[in-house]
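FYI, the numbering just counts along the sequence from 1.
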Amino acid sequence: MTDFIARTYHGHAHAAPIGCAVLDYEGRFLRRRVIALEDGRRCLVDLPQTTSLDPGGVLVTEAGEIAIAAAPEELLEIRGGDLVRLAWHIGNRHTPCQIEASRLLIQRDHVMADLLSRLGAETREVVEPFTPEGGAYGHGRTHGHDYSHGHGPHEHSHG
């Protein structure tokens with residue numbers, strides 16, 4: 001049994017959320033599945049197509065919006081060396097990567113850790129939320145957001 005049904009996702013909130021779902025990277029990629037909220041309630045997500053739910057986005061139910069948050073995950077932190085070059089090698093292997101000014105984060109992978117170390121990177125295991133970059137041109141894991149979408153009776157544009 002579920003408490004809510006969500007058939008719509010928006011990349012940003014429009015009101016105070018009625019609950020929050022904390023999901024890992026893989027768990028934020030779905031079309032139809034029951035998810036648990038932080039308080040134990042459950043929501044059936046029934047979207048028209050497979051969607052990547054970004055932290056800060058919301059699932060829309062008849063009762064209100066459910067916030068999406070990124071759960072901490074076992075990651076590999078990459079520092080040192082030439083981060084641009086290291087990021088290229090990570091991307092060349094189609095590995096999801098969170099890119100920050102002074103470090104990169106990827107899901108733990110001993111093969112990638114070995115490769116990156118041989119390329120001069122300093123690696124360290126961490127546990128943090130994972131929010132990697134989306135695919136090029138809005139394709140791939142995350143999709144571009146249509147800022148002209150309707151929001152119900154009071155439609156507005158973000159452009």
- Message: For a quick test of reading the model, state the closest non-hydrogen atom pair linking L30 to V45 and the distance between them.
- Response: CD1-CG1, 3.0 Å
- Query: Can you check whether C97 reaches E133 side chain to side chain, under 4.5 Å on heavy atoms?
  - Reply: no
- residues 110-122 vs side chain to side chain donor-acceptor pair (under 3.5 Å), sequence neighbours excluded, gives D114-R118
- Task: Name all residues meeting the side chain to side chain contact (heavy atoms under 4.5 Å, CB included) criterion together with E100; count only those two or more places apart in sequence or in a different chain, and write none if there are none.
- Result: Q98, R103, L105
- Heavy-atom side-chain contact between L47 and L53 under 4.5 Å: yes
- Item | Inter-residue atom distance R108.CZ - F130.CZ, 0.5 Å rounding | 12.5 Å
- Qualifying residues under side chain to side chain contact (heavy atoms under 4.5 Å, CB included), relative to A6, sequence neighbours excluded: C43, L59, T61
- Query: Does V22 sit in a hydrophobic cluster with other residues, and if so which ones, taking ILVMFWY side chains as linked at heavy-atom separations under 4.5 Å, directly or through other members?
  - Reply: none
- Rounded to the nearest 0.5 Å, how far apart are CG of L75 and CG of L104? 12.0 Å
- Report the distance from atom OG1 of T2 to atom CZ of R42, rounding to the nearest 0.5 Å. 7.5 Å
- Correct closest heavy-atom pair for P132 and R28 would be CD-NH2, 4.4 Å
- Is any side-chain heavy atom of I78 less than 4.5 Å from a side-chain heavy atom of M112? no
- Co-members of I5 in a cluster of I, L, V, M, F, W and Y side chains, linked at under 4.5 Å: V34, L44
- Message: With heavy-atom distances below 4.5 Å as the criterion, would you say the side chains of Q49 and T51 are in contact?
- Response: yes
- Supply the atom-to-atom distance R93 CZ to L116 CG, rounded to the nearest 0.5 angstrom. 8.0 Å
- Note on the structure: Interatomic distance, CD1@I99 vs CD1@I106, rounded to 0.5 Å, equals 11.5 Å
- Ignoring hydrogens and angles, tell me if any N or O in the side chain of E65 forms a donor-acceptor pair with the backbone of H14 under 3.5 Å. yes
- Of E73, Q107, E74, the residue whose pairing with D24 passes side chain to side chain contact (heavy atoms under 4.5 Å, CB included): E73
- Query: Can we say R33 and D46 salt-bridge, meaning some charged N sits less than 4.0 Å from an Asp/Glu carboxylate O?
  - Reply: no
- Query: Under a 4.5 Å cut-off applied to non-hydrogen side-chain atoms, are D54 and I68 in contact?
  - Reply: no
- Item | Same cluster (ILVMFWY, side-chain, under 4.5 Å), I18 and Y9 | yes
Which pairs of donor and acceptor atoms, one on a side chain in residues 81-92, lie under 3.5 Å apart (sequence neighbours left out)?
residue, atom, partner, partner atom, Å
D82, OD1, V84, N, 3.2
D82, OD1, R85, N, 3.4

- Message: Measuring from atom CD1 of I66 to atom SG of C20, what distance do you get when rounded to the nearest 0.5 angstrom?
- Response: 9.5 Å
- Task: Specify whether H10 and H12 have parallel, tilted or perpendicular ring planes, treating 30° as the upper limit for parallel and 60° as the lower limit for perpendicular.
- Result: tilted
